[in-house]
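Presented below is the structure to which this report refers.
Letters A, B, ... are given to chains in the order of the sequence lines, protein chains preceding strands, and every chain is numbered from 1.
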Protein chains: 2
Amino acid sequence: MLGDRWTLLIVRELALGPRRYGDLLDALPGMGTSLLATRLKHLEEYSVLRRIALPGPGRAAAYELTDRGESLMPVLASLAEWGAGLDEPPAEFTTRAAWGMVAMRVTASGEAASYDTLTELVVDDEAMWVRGDGTKVRVQLGRAPLDPALRMACARPTFFALARGQTTVDEAVESGHLSIDGGLADARRFFRLFHMPGARRTDSL
Amino acid sequence: MLGDRWTLLIVRELALGPRRYGDLLDALPGMGTSLLATRLKHLEEYSVLRRIALPGPGRAAAYELTDRGESLMPVLASLAEWGAGLDEPPAEFTTRAAWGMVAMRVTASGEAASYDTLTELVVDDEAMWVRGDGTKVRVQLGRAPLDPALRMACARPTFFALARGQTTVDEAVESGHLSIDGGLADARRFFRLFHMPGARRTDSL
DNA sequence: CGGCATCCATTTTGATACTG
DNA sequence: CAGTATCAAAATGGATGCCG
């Protein structure tokens with residue numbers, strides 16, 4: 001059910017909220033459009049995801065994880081944990097900030113649910129926003145729906161250094177790598193609650 | 001590194017100890033022999049497995065998980081857990097007892113390491129043996145190397161019913177589905193310490 | 001023989017054109 | 001923009017060959 005090529009990658013993309021067909025195509029470079037249609041159909045048959053009508057004008061179609069699909073988060077978590085433990089950086093592989101965010105989300109402790117500051121994070125050209133509702137965390141791709149209480153922007157290496165705990169928020173701000181619009185304390189808290197698993201590398205920034 | 005077809009299936013096979021090339025081919029029906037060689041080479045490059053010379057006469061070659069490969073057990077565990085949670089039995093998929101044993105191993109609690117009874121389990125034509133050494137459990141395919149203190153034999157449905165906790169050892173023995181050579185208490189302990197994750201189905205035996 | 005490399009007929013896939 | 005149709009290129013399964 002999950003072993004076919006692309007399948008878990010689609011699940012990973014949907015881990016940060018619903019996505020439209022075209023978005024998925026963009027997020028999965030190299031994947032053919034007809035193959036995406038096939039995989040989506042299979043995953044829908046298996047009740048891993050469902051088609052939904054996006055709210056707002058146009059009622060655009062999108063795909064969203066079902067509960068069964070959400071229950072795959074531990075799978076993504078264990079894979080993220082394994083990948084984070086590799087000593088050698090996978091140079092030949094690309095790394096997107098959103099993937100790091102997925103890793104942060106799926107391995108975040110329950111305590112992260114208490115992070116109720118609407119936070120927007122822009123890494124290069126990738127925007128994400130995060131907010132806990134007390135019960136669970138919501139992490140989503142795109143700009144924050146409302147005016148965020150905390151807004152951070154940085155480049156990808158800085159994001160990963162922060163996510164892996166190799167740099168502190170204070171250091172990153174001082175060096176000018178991280179710009180913060182909002183409370184510094186919230187920013188510190190964000191990277192304390194959400195962090196990538198098993199980071200071990202000591203690459204320089 | 002892991003997403004290519006067959007890759008995680010190879011890891012699963014090696015989860016129950018070293019296997020030789022031909023054994024892997026038999027365990028992976030449908031996989032071409034040249035493709036197996038390719039995958040093994042890649043996994044060796046990535047230090048997920050290594051070639052070893054099997055002890056004994058002939059010093060036959062075999063493949064064994066490295067520490068990095070062993071650290072993939074949580075990935076197998078999360079996948080097993082997910083699969084076990086499916087309501088609908090995957091009728092179109094085959095299920096081997098060894099795969100159930102992998103699920104039992106990877107999700108067993110640390111307490112299972114204290115299971116120091118050399119136990120042989122024969123399910124249809126698949127033999128496996130288990131023993132904890134106090135620190136960790138060893139689960140391996142094949143006949144037990146020494147005379148086991150506990151020997152159990154049953155058919156696949158019985159094994160899965162026991163593994164999922166839908167049947168008790170006592171019931172299975174009484175109904176003649178499970179034969180035990182050794183201590184009944186050990187058998188009960190075995191299925192208490194090792195059990196499949198999140199079993200929910202209530203199929204009849 | 002077991003452990004692979006080679007070769008080839010199919011199947012799967014990626015890229016692109018196309019349609020509602 | 002969402003998805004289908006099409007086609008060439010790549011991956012694969014199976015048979016076969018090689019080699020210690």
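- Between A/Phe194 and A/Tyr115, the two ring planes are perpendicular [angle over 60°; tilted spans 30° to 60°].
- When rounded to the nearest whole Å, the span between CG of A/Leu28 and P of C/dT13 equals 14 Å.
- Taking each heavy atom of B/Leu16 and B/Ala98 in turn, the nearest pair found is CD1-O, 3.6 Å.
- For the pair B/Glu44 CD and C/dG3 C1', the computed distance is 13 Å after rounding to whole Å.
- Atom CG of A/Leu9 is separated from atom P of C/dT13 by 13 Å (rounded to the nearest Å).
- B/Ala61 comes within 4.0 angstrom of the backbone, heavy atoms only, and of no base.
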Verify side chain to side chain contact (heavy atoms under 4.5 Å, CB included) between A/Glu126 and A/Trp99, making sure each step is shown before the conclusion. CA-CA 11 Å; A/Glu126 296 181 83; A/Trp99 302 343; over 6 Å; no
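- For A/Trp6, a side-chain nitrogen or oxygen approaches OP1 or OP2 of C/dG14 to under 4.0 Å.
- Dashed line: the shortest gap from a side-chain N or O of A/Arg20 to OP1 or OP2 of D/dA2 is under 4.0 Å.
- Atom pair A/His42:NE2 and C/dT13:P shows a separation of 10 Å (rounding to whole Å applied).
- Side-chain N/O atoms of B/Arg5 include one lying less than 4.0 angstrom from OP1 or OP2 on D/dG13.
- The interatomic distance linking A/Leu25 (CG) with C/dT16 (P) rounds to 13 Å, in whole Å.
- Atom CZ of B/Arg51 and atom C1' of C/dG3 are 8 Å apart (whole Å).
- In this structure, B/Glu111 places its CD atom where only 12 or fewer heavy-atom neighbours from other residues, nucleotides or ligands lie under 6.0 Å away.
- Phosphate contact (OP1/OP2 of C/dG3, side-chain N/O of B/Lys41, threshold under 4.0 Å): absent.
- For A/Arg39, a side-chain nitrogen or oxygen approaches OP1 or OP2 of C/dT13 to under 4.0 Å.
- Interatomic distance, CZ of A/Phe191 versus CG of A/Leu178, reported as 6.5 Å (0.5 Å rounding).
- Taking only side-chain nitrogens and oxygens, B/Tyr63 comes nearer than 4.0 Å to OP1 or OP2 of C/dC4.
- Atoms CG (B/Asp26) and P (C/dC1) sit 15 Å apart, rounded to a whole Å.
- Comparing C/dC4, C/dT6, D/dG3 by their nearest atom to the side chain of A/Tyr21 picks out D/dG3.
- Where B/Asp4 and B/Thr33 each meet DNA chain D at their nearest nucleotide, the meeting point lying more 5' is that of B/Asp4.
- For B/Ile52 and C/dG3, the CD1 to C1' distance is 15 Å, given to the nearest whole Å.
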